[in-house]
Amino acid sequence: MKEPLGITGLVLNEPLLWEKGREGRIGFSMPKRDIEPSPLHEGLIRNGPDFPDLSEVDVVRHYTRLSQWNYGVDSGMYPLGSCTMKYNPKTHERQAALRGFAGAHPLLPEFLCQGILVLMFNLERYLAEITGLPAVTLQPAAGAQGELTGMMIVRAYHMDTGKPRHKILIPDTAHGTNPASSAICGFSPVPVKSNERGVLSPEYIASVMDEDTAGIMITNPNTLGLFEENIKEIADIVHGKGGLVYVDGANMNAMMGIVSMGQIGVDLMHLNLHKTFSTPHGGGGPGSGPVCVREDLAPFLPVPRVVEKDGKYALSYDFPKSIGKVHAFYGNVGVLIKAYSYILSMGQDLKRASQLAVLNANYIKERLKDTFHIPYDRPCMHECVFTDKFQKENKVTTLDIAKRLIDYGFHPPTIYFPLVVQGAIMIEPTETESKETLDLFIETCKAIAKEARETPQRLLDAPTKPKVRRLDEALAARQPRLAG
Ligand SMILES: *Cc1c(COP(=O)(O)O)cnc(C)c1O
């Protein structure tokens with residue numbers, strides 16, 4: 001194995017700026033004043049916030065050091081399953097920061113913001129093309145809000161037929177947000193078991209689908225990283241009883257240009273622009289979860305909608321069956337601009353991105369399947385799921401493996417999710433990692449498995465190299481200690 005990534009470098013301690021400050025130190029020289037100070041100024045200075053006095057170098061070092069404690073997609077591989085932590089090309093940030101976009105006020109009259117309206121209109125068309133579902137809203141601010149919007153549309157659809165329904169089928173391989181979104185919308189989630197192949201079986205769906213069930217909410221590919229191969233048959237069963245098929249498409253990264261959701265019987269779905277379409281995420285920043293629907297569900301989409309007439313673009317509220325607004329103004333427009341820029345820059349290569357994402361995940365699966373136990377050994381989509389079954393014999397668990405990866409310079413994968421797999425280790429490499437990086441990751445996992453057999457204490461003590469060791473995660477979230 002080549003030298004691991006996570007060798008110790010200089011990781012510097014850093015006090016708070018308030019501890020660093022020294023009275024009279026300055027980082028900025030003002031020109032000499034040639035007017036008398038006004039009482040307003042004096043008041044501001046006397047009663048202003050208690051900022052420490054710092055030089056420019058104090059401030060630059062402070063923030064640079066803090067940034068070095070951090071780990072992100074720009075520092076290295078971040079194989080967090082279900083989260084699609086792929087590299088986001090910087091050009092998209094640049095486009096979103098163009099003055100005409102970044103400076104546009106959301107209350108501008110339509111004739112002064114035709115550019116943004118055209119962009120939103122076209123982005124809807126692109127997403128419709130990618131999903132095979134013709135009508136789109138860009139308003140929801142995240143995947144989970146897309147799900148809620150989708151569920152509100154499902155409810156509105158059934159209300160409109162005069163027969164409201166109360167239940168919704170949620171597979172055990174669905175993302176955890178799915179039951180929550182449907183419950184918030186007033187539906188009772190009915191859990192559905194997947195079969196021994198890790199996917200849904202049509203027979204089981206037929207046995208639970210009835211005329212009080214509004215539909216089914218399928219994560220596809222599911223959280224085992226497997227494609228729901230029976231989806232068309234399942235859609236026929238659900239439609240046969242008057243229900244709708246919702247797909248959680250946050251994992252569209254596996255399927256762009258490969259699967260037309262509209263054609264396989266999906267009625268509506270959401271996408272995560274901040275996963276698949278190149279917006280950095282993970283720090284709680286703005287996201288976007290557009291919802292794409294089949295033609296006859298379009299009247300229920302949120303307002304306002306971007307409409308075009310004679311080459312002019314406008315925002316229309318004239319949709320009487322709409323579920324209303326789900327976000328202020330038009331959603332997180334900055335994220336939309338990045339997605340638009342990403343789609344245009346990729347073009348036909350979107351399909352290749354998905355193919356490579358799937359290839360990379362299968363490469364890891366094949367090369368690690370003797371190292372970690374694999375619960376469903378079949379071709380996977382963009383992510384693969386292992387367990388700690390082999391390592392448990394040496395009293396080493398998934399958590400220990402994840403923590404040891406940090407010492408070797410990798411962000412740990414998603415762990416203990418999906419819940420249907422005990423001790424799950426869920427790896428999503430994404431298409432943006434090179435073969436060299438994948439190989440280093442694989443070698444590292446093998447080295448850790450060897451340690452688990454020979455020197456398990458190393459795993460139990462891990463991580464030893466970062467600035468903080470094993471945190472009490474509950475306490476760290478509730479009482480964060482912000483000083484280094
Ligand atoms: C990430 C994810 C979500 C939730 O998306 P947010 O933008 O975090 O709300 C939902 N479903 C799946 C499958 C996901 O991977």
Side-chain angles (χ1 to χ4, degrees), residues 73 78-86 88 127 131 137-152 168 170-185 189 192 194 198-200 216-228 231 245-256 259 261 266 268-292 326-327 331-332 334-336 338-339 354 357-358 361 380-385 413-421 424 426-430:
V73 179
Y78 204 136
L80 206 57
S82 205
C83 295
T84 312
M85 305 301 285
K86 64 186 187 183
N88 305 294
L127 299 181
T131 57
T137 175
L138 302 172
Q139 258 187 48
Q145 204 195 6
E147 294 167 25
L148 178 63
T149 305
M151 286 301 105
M152 289 165 77
I168 190 115
I170 313 262
D172 54 7
T173 51
H175 194 263
T177 44
N178 292 189
S181 305
S182 53
I184 286 178
C185 209
V192 176
S194 40
V199 293
L200 296 170
I216 187 166
M217 208 173 177
I218 306 177
T219 300
N220 197 17
N222 67 26
T223 55
L224 292 168
L226 302 176
F227 186 75
E228 289 293 346
I231 187 158
V245 178
Y246 183 95
V247 157
D248 175 337
N251 294 329
M252 195 68 195
N253 205 47
M255 298 180 302
M256 291 182 290
V259 180
M261 290 294 187
V266 175
L268 69 170
M269 70 183 292
H270 80 264
L271 299 167
N272 274 30
L273 297 189
H274 48 292
K275 287 180 183 167
T276 312
F277 299 95
S278 203
T279 279
H281 61 287
S288 178
V291 176
C292 310
V326 297
H327 193 280
N332 287 326
V335 180
L336 305 181
K338 287 178 230 180
S354 284
V358 172
C380 61
M381 300 294 288
H382 60 305
E383 60 199 2
C384 51
V385 179
T414 295
I415 55 173
Y416 300 109
F417 181 82
L419 302 176
V420 283
V421 173
M426 187 198 210
I427 300 173
E428 179 178 5
T430 83

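When a ligand or atom number is given, it counts from 1 through the structure's own listing order.
For ligand 1, the atoms lying closer than 4.0 Å to a non-hydrogen atom of Ala250 are 2 (C), 11 (N), 12 (C), 13 (C), 14 (C), 15 (O). Residue-ligand proximity, Ala142 to ligand 1, at heavy-atom distances under 4.0 Å covers atoms 7 (O), 9 (O). Residue Asn251 has at least one heavy-atom neighbour below 4.0 Å for each of these atoms of ligand 1: 13 (C), 15 (O). Taking a cut-off of under 4.0 Å to the non-hydrogen atoms of Thr219, the atoms of ligand 1 that pass are 13 (C).
To the nearest 0.5 Å, atoms CD (Glu228) and CG (Leu200) are separated by 4.0 Å. Atom CG of Leu226 sits about 12.5 Å away from atom OG1 of Thr219, to the nearest 0.5 Å. Of the inter-residue distances, the one linking Met151 atom CE with Met217 atom CE reads 4.0 Å to the nearest 0.5 angstrom.
The protein heavy-atom contact nearest to atom 5 (O) of ligand 1 is Asn272 ND2, 3.1 Å. Looking from atom 2 (C) of ligand 1 to the surrounding protein, the closest heavy atom is Lys275 NZ, 2.4 Å. The nearest protein atom to atom 11 (N) of ligand 1, hydrogens excluded, is given as Asp248 OD2, 2.5 Å; this is a heavy-atom distance. Closest to atom 9 (O) of ligand 1 among all protein heavy atoms lies Ala144 N, 2.8 Å. Closest to atom 6 (P) of ligand 1 among all protein heavy atoms lies Gly143 N, 3.4 Å.
When side chains are defined from C-beta on, Ser288 does not count as touching Thr279, because their heavy atoms never get closer than 4.5 Å. For the pair Leu148 and Val326, the minimum side-chain heavy-atom distance is 4.5 Å or more.
With atom 7 (O) of ligand 1 as the reference point, the heavy atom nearest to it among His175, His274, Glu147 is part of His274.
Side-chain contact annotation: Glu428 with Thr84, donor-acceptor N/O pair under 3.5 Å present. Side-chain contact annotation: Asp172 with Ser194, donor-acceptor N/O pair under 3.5 Å present.
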